[in-house]
Structure formats: structure tokens, C-alpha cells
Amino acid sequence: MKKKTFISVLKEKMAKVTFAKISKLALKNANNNYKFLKYGNSIKQLHNFNFNKGDISIVVCGGPSLKRNNQIKTLKKYKDKAVIIAADGSLFYLLRNNIVPDLVVTLDPHPTRIVRWFGDEKLSRKKIKSDDYFSRQDLDPAFKNELKANKKIIKLIDKFANKLNIAVCTSSSSLVVKRLINTGSKLFWWNPTLDNPEKKNSLSRKLYFKNKLPLINAGGNVGSAAWMIADSVICSKKIALLGMDFGYYLNTPYENTQYYDGVMKIAKKKDLSIFYKKIYNPILKKYFFTDHAYLWYRDIFLEMLKIASSKTINCTGGGILFGKKIGWSSLNNFCKLSFK
Amino acid sequence: MSMLKGNYNLKKNVKKKKLSREDELEKKFESEASKRLGGSMVYVSKKKVNWSLNPKEKK
């Protein structure tokens, strides 16, 4: 039998370690957010609601290809026809290009980081120094000057706030929730599915009976959650994906990858290569590389596609998300064919 | 694997298996993952959206 690679072993542990990392924090945040639920509605209100557009959605995520393949012209051209659902990490990019998504999704319970996607009004040099998450990664080059980027985001969010609809997960941190409430954006609350709600002592069940909000399977990350909302809340028939790479371009230094700081806590530089895997994308005829978390996200996404109600086309133009149940196209061709 | 202790000596010396570098890193991964290396959210297989749960369904 072929020996499993180190990264495959780590990937198989992801469900367990993520549950250990997230579940308690998600529940704690959901309890704290209970008092804020009155500032919004249940996401149930968006069930089968297409924002007065058609039954086609474009899910925009913040992966590196979003900026590299810059398909913004096409997005602008079709923004009034397709429902645009943005993962929080792509909001800055969309707003600075004058595209207001129909819905923004946020879920990560991290106590300090996520508010930055919406502008942190209390950001200081000291805070930046203590966490290089945004400047280090290849997610959005605009974050290289963090204070400047933050000011810009605050300005943009405040400018477009009355047009923004946010699908906010009850697991979100209080910093995110307070910021969103202060902007006056419309909030649509939902619960994360933390475990099987049909089981005795299920945490999801406990969460549901506390606030009666729908439980949504988030698929491990905000991009997958945005897709799930397009598929099963908005009920789009066709979904295009943008910026959903689940991988890195080969010339990306390890230092610029998402989990580098965590890996360096347990490994030495000489060990780094075993934490990453090169994957050949047969559609693009090009190699990308990935890490344990993105590999896990990719597997989850391919599994979720098996029970999808919609057809999904990856228009990212990069990364490792390919498989039997997912089509590939440029966004331009997708839109041309979909909006004849 | 735990070792049974008896009141006799074995003829052969049992050497403790040395962990490979990968095994060591795997062990460290589990402890660090709960802080920095885990995903952003949990995933539950074969579930989509539960709009409502019936209290009677509690098992």
C-alpha cells in the first residue's frame, strides 16, 4: 500500500482539530451576539430571494487569482444581471472597483482579525506589529500598507453601508458585529452547523434552540459558506466562482502563505516543504501548490458539490479546485452564455 | 502501546521506537492546530441548511 504523504495525514486531522479550535469559540461568540440579533433579521428572509435579478450567482472570494486574473471589467458589465455574493475578504477589492455586492458573507470567529475586512476603527501600529496576517499574505496587495488600506476600507464601507447586505454568522466576533451594526448595513443572521443537529447533545441543536436561526453548513471557510448560501439559501441555479483558488501560485514564497506562522511554530525552515504539496491543474496545464487547510477545503467543496442543487462553474482561472462536478470557464464566457 | 512490567528480566533489550521527524511534527501539529493551523469553520458531512429543528426530534 502506498504510504500517505505527510500533508495528507495532516489534512485528515483537520476536521477534528478545527472542531477543537472553533466550536467553543463559535458558541461563546453566538451567546455574546444574542443581544445583537435585534439589529438584523434571520437569513430565512433571503430564502429564494434573488435580489430582483435572475437565478445566476457569482460568488467572489479573496484568493490570489482574483487580482492576478483581474476579471473586474466582466464583473462590472454583468453586475446588474447576476447576484453577486462576496466572501468578506473580497469586499475591499469589489468596493474599490465600485461594485457593491448583493450579499457579503462573514463567519470566522477570530477575535481580532476579521474586523479588518470591514475596517477596524481602532487599528494602531501596535496592533499591526503584533499580527502580520494581512501584510504577510498574497491575499490582497493593497494590504501592504495596512494603516492606509484600513482608512480606505472604513471610508468605502461607510460610503456604501446603506446598500450593503451582510449574511453574518452568529459565530462572528463582537468586534465584527459591533462594526457592522455601527455602519447601519442590513444584517441577516445565521448559525454555523457545528455538528450533526440530529444527535443527542448536539452543539448545533443547542445553538438553534437558543436563537432559532437556520443552521448552515459552512464547508470549513467563508468562501464555501458563500457558495452554500448561493446554492441553498438564495437557491441560484447556476453559480460562478471567482477567486476560489484553495492554492498558491508557484512563485509565492512560503512566508506569504496563510498558515506559515503556525507551521513555523512547530517546524524548522528545512522542514517547510513537507507542509506543502504541488498539484497539477489539468485544465490550465499548470502547477499550483497548496497546504493542509486548503487541501481540506478543496476536498470538502468537492464533497458538497455532490449534494448541490445548482450547477457550479469555476471561473477563477487559477488554483486547485477542479473535479467531476465542477465546470471551468472564463467569467466572460460564463456570462456571455448565461445572459444571452 | 503500553508495556507490561513483570518481575523478571527479558533476554532481549526492548528498544523504544524512535519517532521519525514526520511523526514528531505530526504530534506537534495536533497541539498547534487548535491555535493556529485549523480551519476557519467546522464542516459537517452531507448537511446543507436546517431551516428549523423540531424539538420532538431530540434524541
Side-chain angles (χ1 to χ4, degrees), chain A residues 6 9-10 13-15 17-23 26 44 47 107-110 169 171 192-200 204-205 208-209 212 214-222 224-225 228 231-233 259 261-263 265-267 271 274-275 292-293 296-297 300 303-304 307 309, chain B:
Chain A
F6 180 63
V9 174
L10 301 192
K13 292 179 184 290
M14 281 298 283
V17 297
T18 302
F19 183 81
K21 176 191 162 195
I22 296 293
S23 57
K44 220 172 184 175
H47 194 198
L107 72 90
D108 193 319
H110 194 282
C169 185
S171 61
T193 308
L194 296 172
D195 51 13
N196 185 351
E198 285 140 35
K199 284 198 170 169
K200 192 184 171 187
S204 311
R205 230 186 148 75
Y208 175 82
F209 285 109
K212 298 282 171 68
L215 292 159
I216 299 181
N217 194 7
N221 68 92
V222 67
S224 300
M228 182 60 89
D231 177 84
S232 300
V233 176
Y259 297 91
D261 59 337
V263 169
K265 286 269 169 195
I266 61 171
D271 299 317
I274 61 167
F275 284 87
H292 64 286
W296 183 57
Y297 295 156
I300 288 174
E303 195 181 299
M304 292 199 306
I307 53 166
S309 316
Chain B
M1 198 170 76
S2 58
M3 202 194 295
L4 281 175
K5 283 184 179 175
N7 57 356
Y8 59 92
N9 293 322
L10 292 171
K11 282 178 188 168
K12 276 186 183 176
N13 277 337
V14 179
K15 279 184 188 169
K16 204 176 168 187
K17 197 186 160 193
K18 207 183 162 194
L19 288 177
S20 71
R21 182 73 184 132
E22 288 194 3
D23 291 338
E24 264 179 48
L25 288 172
E26 197 185 315
K27 261 188 152 181
K28 282 187 189 171
F29 173 82
E30 286 209 31
S31 56
E32 190 58 31
S34 57
K35 291 176 224 152
R36 293 166 189 263
L37 291 165
S40 304
M41 187 41 73
V42 173
Y43 168 64
V44 184
S45 198
K46 291 171 189 162
K47 297 281 171 211
K48 291 174 92 177
V49 178
N50 275 91
W51 293 105
S52 61
L53 294 175
N54 184 349
K56 284 175 192 168
E57 281 171 20
K58 256 184 195 175
K59 287 175 189 173

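Per chain, numbering begins at 1; letters A, B, ... match sequence-line order.
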- Task: Calculate, to the nearest 0.5 Å, the distance between atoms OG and CD1 belonging to B:S45 and A:I300 respectively.
- Result: 9.0 Å
- Pair B:K47, A:S204: side-chain N/O donor-acceptor within cut-off below 3.5 Å: no
- Task: Can you tell which part of A:K44 gets under 4.5 Å to a heavy atom of chain B, answering side chain, backbone, both or neither?
- Result: both
- Where on A:I274 is there a heavy atom nearer than 4.5 Å to chain B: the side chain, the backbone, both, or neither? side chain
- Task: Could you walk me through whether A:F6 and B:L25 pass side-chain contact (heavy atoms from CB on, under 4.5 Å), step by step?
- Result: CA-CA 9 Å; A:F6 180 63; B:L25 288 172; 3.6 Å; yes
- Item | Closest non-hydrogen atom pair between B:G39 and A:W296, with its separation | CA-CZ3, 4.2 Å
- Select, from B:V49, B:V42, B:D23, the one with the greatest count of heavy-atom pairs under 4.5 Å involving chain A. B:V42
- Can you check whether B:L37's main-chain N or O pairs, donor with acceptor, with A:H292's side chain at less than 3.5 Å? yes
- Query: Which bit of A:F19 comes within less than 4.5 Å of chain B, counting heavy atoms only: side chain, backbone, both or neither?
  - Reply: both
- Note on the structure: What one should report as the nearest heavy-atom pair of B:S40 and A:P109 is O-CD, 3.5 Å
- CE of B:M41 to OG1 of A:T18, rounded to nearest 0.5 Å, is 10.0 Å
- Task: Determine, stepwise, if the pair B:Y43 / A:M304 fulfils side-chain contact (heavy atoms from CB on, under 4.5 Å).
- Result: CA-CA 10 Å; B:Y43 168 64; A:M304 292 199 306; 3.8 Å; yes
- If you count heavy-atom pairs under 4.5 Å between each of A:V233, A:D271, A:V263 and chain B, which one has the most? A:D271
- For chain B, find which of A:P197, A:A15, A:A218, A:A293 contributes the most heavy-atom pairs closer than 4.5 angstrom. A:P197
- Note on the structure: If you tally heavy-atom pairs under 4.5 Å between each of A:L10, A:L107, A:V222 and chain B, the highest tally belongs to A:L10
- Exam field: side chain A:N217 to backbone B:V44, donor-acceptor pair closer than 3.5 Å: yes
- Message: So for A:S309, is it side chain, backbone, both, or neither that comes closer than 4.5 Å to the heavy atoms of chain B?
- Response: both
- Message: Under a 4.5 Å cutoff for heavy-atom pairs, which residue among B:K46, B:E22, B:K48, B:E24 has the most contacts with chain A?
- Response: B:K48
